[in-house]
> 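Have a look at this one before I ask anything.
Values in this document were obtained by computation on a predicted structure and should not be read as measured data. Chain identifiers are assigned alphabetically (A, B, ...) following the order of the sequence lines, protein sequences preceding nucleic acid strands; residue numbering begins at 1 within each chain.
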There are 2 protein chains.
Amino acid sequence: MKILQAIIRNYLETGEPVGSRTISKYTDLNLSSATIRNEMSDLEEMGLIKQPHTSAGRIPTDAGYRIYVDHMMDDSRREVEEMKNLLVDKEERLENLLQQVAKLLADGTQYASMISAPTVQGNKIKFIQLSQVDPENILAVIVLEKNLVRNSLIPVKEELTQEALLMLNMLLNTSLNGVPVEQINLGLIAAIKKKAGVYEELVGDVIDAAAEAIKPDDDLKIYTSGATNIFRYPELADHQKAREILLEIEEKGALGSIVQERLAGEETGIQVYIGTESQQESMKDLSVVTTTYDLGDGMKGTVGIIGPKRMDYDKVVGILKDIAHNLDDLYKT
Amino acid sequence: MKILQAIIRNYLETGEPVGSRTISKYTDLNLSSATIRNEMSDLEEMGLIKQPHTSAGRIPTDAGYRIYVDHMMDDSRREVEEMKNLLVDKEERLENLLQQVAKLLADGTQYASMISAPTVQGNKIKFIQLSQVDPENILAVIVLEKNLVRNSLIPVKEELTQEALLMLNMLLNTSLNGVPVEQINLGLIAAIKKKAGVYEELVGDVIDAAAEAIKPDDDLKIYTSGATNIFRYPELADHQKAREILLEIEEKGALGSIVQERLAGEETGIQVYIGTESQQESMKDLSVVTTTYDLGDGMKGTVGIIGPKRMDYDKVVGILKDIAHNLDDLYKT
DNA sequence: TGTTAGCACTCAACAAAAGAGAGTGCTAAC
DNA sequence: GTTAGCACTCTCTTTTGTTGAGTGCTAACA
């Protein structure tokens, strides 16, 4: 239905309810406003558009947006050029990179953005080393494939001898090298402990620390940017709403669920949540567009845009694809 | 002047301009409204209070708040009990701790809060170790006093021999052990390089990496929380203002300057910036109360509360002192 | 001299009333 | 199937009063 498309297009731009007159005038359909009105009636009956009040124009419903996103989006309209060369520098620290990407997205789209730290799934241990840092502490350094480095300080009762350290290092490396993080289980731990002899306890500590260091860190860390952009959209800028939305973005609760949902699922393309589709009460006036990026070797994360329901889906989808693509390439040099 | 105190107290509570009648009624001064009016005239002339418009009550000016903060605050009124046992758990990762503290502050005060990561000033190197992680990379682990661990991956052209590594480790440790980070200068580097012989280049890389790893990381990292609390205060919740303030908090520009100012100065107590006193246009409707915390060995940071000018200074100062105290103790076990 | 009562005046805030304008649904004609 | 015309609805804006809090000033009082 060309008319639905026209209505949504117009509403995306202005944010105002659009009336029959406007459509009749500013499209090349060459239909009078009366005809449009009839059609509108039908569309309303189908639940694709609605009137905020009698004698106002129509605005799209969530279902209406859905149709638009699924069938009517014009991929050629993508205005990605501006961001094409965004040059995600290979930043020293992942954290900064993510924050930078979030900012980039927010600035580029004028919406709010989020990006989750990649989860380290199926990452393998590549190198372990214990060193006596001072008489009371041993430093365990664990390097994973993809050169992720973690370290942990382990207090010890007494200083270890040079030989003991050497022995333990050897032991740990031979037993854990190439083992995926998830596969470190009690059985394996027990086996290694046994071989450690007197240092059983210490080895237990080291493995615990390793597990600890790897898991909960980036667990569900989400970086956001451009939250204040919501003030650009009058329909969201109202006190009550703005407050709720900002709180949501700050606390990241709803975003967390979305990210988890994304990571759990197998789907890897663009996903669009319109209004209540995200199951989150606080998101009812927002749309969230997400996609998955993949740093390789199971390091996946989610990146997305949060904006008003009347967001420029074409543009956002384009930009997200771009970013995800860039991130995908980043570590595959 | 008891009257000024009464006016400010009242205004802090209500946020509404306070009239002569109110003061006359709800204080134990036993003065009629007429008298109060006369006094108010004087206070206005002195620039301590002002009227938003004729026929409205008076509100304090920045100067008025200043007087209050400097001379009239009632320390006994502190309502810190609620937070007394806040139990800042010794979190694994500093970052989480700081974020947690920020949230605690925001929740406890109902204002926005900020905390800067501690700057590592005068921290000394305690331990350095190079290890061959894989054929192309060497991992440099640097441990500082206070057990701050940094690491950096250095690409190398060819694998080093066991002996070479041992030699370099020995060299680096003997030359850099106990050296404050700031004192690593070109002269020192040259001297070490010379001793490194064939590995001159590699050593240079390591030291560069070390310097790199230590400095810019936590440099001016600021964690904030509770930004949305500003919506609680009608005088800030207006679109335009709220947006500016939230943007400021998100971007952290102004906060950064304040933190730097604090760290540069020698003062270590509570500091209150009222309105324009912070030199930041965007802060003109806000007050910022900060204090410095000290994790020991020169690891200092700034923690503060950002709120409306009519914030409950007594309470905020109390809580901040408490938090700073807790943080001070944290690492001094 | 400091305090108080009284009064006229000002001005924001609220509410009711009056238009204006946009948009609709429906009917009748093309 | 499309269009013109018209009465009707409802929001939004503007206007006009009205109210009430609060002031400044003057004159009386202790």
> Are OP1 or OP2 of dT24(C) and a side-chain N or O of Thr54(A) less than 4.0 angstrom apart?
no

> Give the rounded distance in Å between these two atoms: CE of Met40(B) and P of dG2(C).
19 Å

> Have a look at Arg310(B) and tell me which of Glu13(B), Glu235(B), Glu16(B) forms a salt bridge (Lys or Arg N to Asp or Glu O under 4.0 Å) with it.
Glu235(B)

> Could you tell me the separation between the NZ atom of Lys50(B) and the C1' atom of dG22(D), rounded to a whole number of Å?
18 Å

> Nearest nucleotide by nearest heavy atom, which residue falls closer to the 5' end of DNA chain C, His53(B) or Thr22(A)?
His53(B)

> Would you kindly give the CZ-to-P distance between Arg21(A) and dG5(D), to the nearest whole Å?
12 Å

> Please tell me which of the listed nucleotides, dT4(C), dG24(D), dT3(D), lies nearest to the side chain of Asn38(B)?
dT4(C)

> Could you give the distance from CD1 (Ile8(A)) to CG (Leu48(A)), rounded to the nearest 0.5 Å?
8.0 Å

> Expressed in angstrom and rounded to an integer, what is the separation of Glu16(B) atom CD from dA12(C) atom P?
15 Å

> Applying a 4.0 Å non-hydrogen cut-off, can you work out what Thr35(A) is touching in the nucleic acid: base, sugar-phosphate, or nothing?
base

> Atom CD of Gln51(A) and atom P of dT24(C): how far apart are they, to the nearest Å?
6 Å

> Taking Glu248(A) for the side chain and Met283(A) for the main chain, is one N or O donor matched with an acceptor at less than 3.5 Å?
no

> Looking at OG of Ser20(A) and CG of Leu31(A), how far apart are the two atoms once the value is rounded to the nearest 0.5 Å?
11.5 Å

> Look at the side chain of Arg37(A) and decide which nucleotide, out of dT11(D), dT3(D), dC6(D), has an atom nearest to it.
dC6(D)

> Would you please confirm or rule out a distance under 4.0 Å between OP1 or OP2 of dA21(D) and any side-chain N or O of Ser55(B)?
no

> Take the protein atom CD1 of Ile3(A) and the nucleotide atom C1' of dT2(D), then report the distance between them rounded to whole Å.
12 Å

> Which listed nucleotide (dA5(C), dA4(D), dT23(D)) is nearest to the side chain of Ser20(B)?
dT23(D)

> Between Ser32(B) and Gly57(A), which has a closest nucleotide on DNA chain C that is more 5'?
Ser32(B)

> When the distance from CD1 of Ile23(A) to P of dA22(C) is rounded to whole Å, what number comes out?
16 Å

> When you measure from the side-chain N and O atoms of Ser33(B) to the phosphate of dT4(C), is any distance below 4.0 Å, counting only OP1 and OP2?
no

> Which one is paired to dA28(C), where only Watson-Crick or G-U wobble pairs with both distances under 3.5 angstrom count?
dT3(D)

> Counting only side-chain heavy atoms from C-beta out, which of dG24(D), dT4(C), dG25(C) sits nearest to Arg58(B)?
dG24(D)

> Calculate the interatomic distance between Glu44(B) atom CD and dC25(D) atom P; express it in whole Å.
12 Å

> Quick check against the 3.5 Å criterion: does Glu277(A) have a side-chain atom that pairs as donor or acceptor with the backbone of Ile274(A)?
yes

